[in-house]
Visitor: 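So that we are looking at the same thing, I have put the structure below in structure tokens.
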Protein chains: 2
Amino acid sequence: MYAVKYYWGDVMSKNMDVSVSVIRRLPRYYRFLGDLLLSGTERISSREFAELIGVTASQIRQDLNCFGGFGQQGYGYNVQGLHSEIGKILGLDKKRSAILVGAGNLGLALANHMRFQDRGFSLIGIFDNSPSKIGIAVGDCIVRDAAELEDFCRDNKPEAAILCIPKDVAIVLTDNLVSWGIKGFWNFSHYDMSVKYRDIAVENAHLGDSLMTLSYCIGDIEQSANN
Amino acid sequence: MYAVKYYWGDVMSKNMDVSVSVIRRLPRYYRFLGDLLLSGTERISSREFAELIGVTASQIRQDLNCFGGFGQQGYGYNVQGLHSEIGKILGLDKKRSAILVGAGNLGLALANHMRFQDRGFSLIGIFDNSPSKIGIAVGDCIVRDAAELEDFCRDNKPEAAILCIPKDVAIVLTDNLVSWGIKGFWNFSHYDMSVKYRDIAVENAHLGDSLMTLSYCIGDIEQSANN
DNA sequence: TAGATTGTTAATCGATTAACAATC
DNA sequence: TAGATTGTTAATCGATTAACAATC
């Protein structure tokens with residue numbers, strides 16, 4: 001019933017009740033609401049909030065009303081309440097188990113650095129096929145042999161997989177991961193996972209594409225500076 | 001004249017001749033054309049190319065014609081030619097100098113892993129303020145004391161800065177970096193760089209936001225599976 | 001009650017898709 | 001020339017913004 005395919009910024013999606021444009025704004029709302037909470041702000045109007053984060057008040061109200069009426073006429077929004085509601089919408093109160101495949105530089109950086117528990121996930125396994133990596137401790141995990149992946153998935157039913165592997169490895173591995181029950185991918189590989197799977201979410205984090213976009217923009221700025 | 005602000009996928013832009021939606025598709029076109037080149041394909045029609053990467057032929061033709069007519073009626077597009085044209089549009093033939101600020105896990109992963117030279121950049125300096133990091137060799141660079149940043153920028157005129165630092169550090173540092181001549185930021189910090197600067201490009205790579213989006217999508221799939 | 005601000009509908013804007021004449 | 005496929009214009013679709021009635 002489902003197949004979602006995200007490219008860094010550019011998006012293809014199917015069968016989603018709420019458009020991806022809206023969803024992608026929620027984490028930012030959530031972060032700013034967290035800041036407001038820390039600063040002790042109790043209430044905020046859509047107009048004030050819009051000014052703070054640089055969008056229109058209309059957009060904020062429209063976005064929120066995809067999920068329900070979280071405000072109160074004449075008052076605005078309760079910061080704590082809205083923060084927690086958006087958190088729930090994003091599923092941050094969940095602890096979806098995730099595995100990380102590929103313990104290279106990037107994989108280890110994510111394993112060490114990313115606060116999965118604040119973002120709806122719990123990292124329960126790290127895998128690599130290099131003997132030099134297998135056995136080393138990373139956070140709460142020990143890097144396991146990629147050969148154990150199938151058994152591990154059967155026993156622990158991870159829901160998400162983080163792919164920090166080269167393209168060619170990703171191509172052969174994703175089919176298996178899907179068949180072993182993975183429902184969502186955070187894809188750092190350059191493999192453009194096709195839409196051939198259903199009921200699967202793919203969030204592509206093509207860092208190289210992002211860097212190329214920056215390259216274009218700097219060029220565009222230089223050009224307009226010369227004119 | 002210019003101020004661009006990108007959020008992971010969601011975008012605010014000003015004064016760009018070509019819309020960001022189009023620009024963000026170019027790196028993907030470029031990657032697929034690279035694959036086609038490797039596989040020895042000489043020509044491709046917009047229809048075939050569209051099928052390959054999962055978009056409409058109309059979109060590809062519209063996108064390309066923002067920059068010029070690269071095809072030939074009745075023939076299609078020459079793969080090599082189009083690949084190189086898109087590379088030029090993205091500025092990948094340039095070697096814009098970039099510095100990386102913050103030699104933590106993520107910073108080191110990028111420094112070691114990212115092929116800057118294939119994406120229009122050349123990494124010329126890495127900076128950190130931790131004595132345990134200063135002096136260690138990473139690729140062609142040696143991690144320098146962040147205190148040297150101003151002098152380094154004056155002497156070497158880097159165009160881009162990669163921010164792999166915590167939010168609070170980013171807040172105090174970006175003003176300085178802009179005044180020292182940085183024209184573009186690749187921002188991995190959670191600081192939402194404001195639109196207060198002009199003539200500056202900001203490409204936000206908020207990995208946490210990306211992960212939260214995946215969390216939502218997995219939840220959405222589960223819900224629709226239950227109904 | 002009066003003022004403020006939401007939730008929601010209507011209007012606008014931009015991006016995507018379809019169509020087709022131009023042309024290789 | 002006939003067939004194919006582009007470049008480009010027109011039609012559609014969706015997302016953003018504006019407006020305002022509902023209501024706290």
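This is a predicted model, so every value here is computed, not measured. Letters A, B, ... mirror the listed sequences (proteins, then strands); counts begin at 1.
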Visitor: Using whole Å, what does the distance between atom C1' of nucleotide D:dT17 and atom CG of A:N65 come to?
Guide: 15 Å

Visitor: Tell me the interatomic distance from A:R47, atom CZ, to C:dG3, atom C1', rounded to whole angstroms.
Guide: 13 Å

Visitor: I'd like to know if the side chain of B:S97 pairs up with that of B:E159 as donor and acceptor (distance under 3.5 Å, no hydrogens or angles considered).
Guide: no

Visitor: How many Å lie between CZ on A:R24 and P on D:dT16, as a whole number?
Guide: 13 Å

Visitor: Please report the distance, rounded to the nearest Å, between OH in B:Y77 and C1' in D:dT5.
Guide: 9 Å

Visitor: What residues form a side-chain contact (heavy atoms from CB on, under 4.5 Å) with B:A161, not counting sequence neighbours?
Guide: B:I99, B:L163, B:L177, B:I182, B:F185

Visitor: Applying side-chain hydrogen bond (donor to acceptor under 3.5 Å, both in side chains), name anything that partners A:D118, two or more places apart in sequence or on another chain.
Guide: A:R115

Visitor: How many Å lie between CD on B:Q59 and P on D:dG7, as a whole number?
Guide: 16 Å

Visitor: Take the protein atom CG of B:D17 and the nucleotide atom P of C:dA15, then report the distance between them rounded to whole Å.
Guide: 13 Å

Visitor: Answer whether the closest heavy-atom distance between the side chains of B:L214 and A:V202 falls below 4.5 Å.
Guide: no

Visitor: Anything under 3.5 Å between a protein N or O and an N or O of nucleotides 21-24 of chain D, put it in a table, one pair a line.
Guide:
residue	atom	partner	partner atom	Å
D:dC24	O3'	A:Q72	NE2	2.4
D:dC24	O2	A:Q73	O	3.3

Visitor: Going by side-chain contact (heavy atoms from CB on, under 4.5 Å), name the residues that satisfy it together with A:K94, two or more places apart in sequence or in a different chain.
Guide: A:R96

Visitor: What pairs of residues pass the ring-ring contact (aromatic ring centres under 6.0 Å, His included) test when at least one of them lies in residues 64-98 of chain B, not counting sequence neighbours?
Guide: B:Y30-B:H83

Visitor: Going by the rule ring-ring contact (aromatic ring centres under 6.0 Å, His included), which residues pair with B:F116 if we only count those two or more places apart in sequence or in a different chain?
Guide: none

Visitor: Taking for each residue the nucleotide of DNA chain C with the nearest heavy atom, is it A:L64 or B:R61 whose nucleotide lies nearer the 5' end?
Guide: A:L64

Visitor: Give every pair of a protein N or O atom and an N or O atom of nucleotides 9-14 of chain D that lie under 3.5 Å apart, one pair per line with the distance.
Guide:
residue	atom	partner	partner atom	Å
D:dT9	O4	B:Q62	NE2	2.7

Visitor: What's the separation between atom CD1 in B:I23 and atom SG in A:C217, rounded to the nearest 0.5 Å?
Guide: 7.0 Å

Visitor: Tell me whether the side-chain N/O atoms of B:R25 come closer than 4.0 Å to OP1 or OP2 in C:dA15.
Guide: no

Visitor: Could you give all pairs that pass the side-chain hydrogen bond (donor to acceptor under 3.5 Å, both in side chains) test and reach residues 63-72 of chain B, with sequence neighbours left out?
Guide: B:R25-B:D63, B:Y29-B:D63

Visitor: From CG of B:D63 over to P of D:dT6, roughly how many Å is that when rounded to an integer?
Guide: 14 Å

Visitor: Once you round it to whole Å, what is the distance between P of C:dG7 and CZ of A:F70?
Guide: 9 Å

Visitor: Under the rule for side-chain hydrogen bond (donor to acceptor under 3.5 Å, both in side chains), what residues qualify as partners of B:E48, not counting sequence neighbours?
Guide: B:S45

Visitor: Have a look at A:F49 and say if it touches a base, only the backbone sugar-phosphate, or nothing, with a 4.0 Å heavy-atom cut-off.
Guide: nothing

Visitor: Any N or O donor-acceptor pair under 3.5 Å from the base of D:dA18 to the side chain of A:S58?
Guide: yes

Visitor: Look at B:S46 and D:dT5 and indicate whether a side-chain polar atom (N or O) is within less than 4.0 Å of OP1 or OP2.
Guide: no

Visitor: May I have the list of side-chain donor-acceptor pairs in residues 35-42 of chain B shorter than 3.5 Å, sequence neighbours left out?
Guide:
residue	atom	partner	partner atom	Å
B:D35	OD1	A:K167	NZ	3.2
B:D35	OD2	A:K167	NZ	2.5
B:S39	OG	B:L36	O	2.9
B:S39	OG	B:T41	OG1	3.0

Visitor: DNA chain D: stems of at least 3 consecutive Watson-Crick or G-U pairs, cut-off 3.5 Å?
Guide: C:3-24 with D:3-24

Visitor: Going by salt bridge (charged side-chain N to carboxylate O under 4.0 Å, His left out), name the pairs with one or both residues in residues 76-87 of chain B, residues two or more places apart or in two chains.
Guide: none

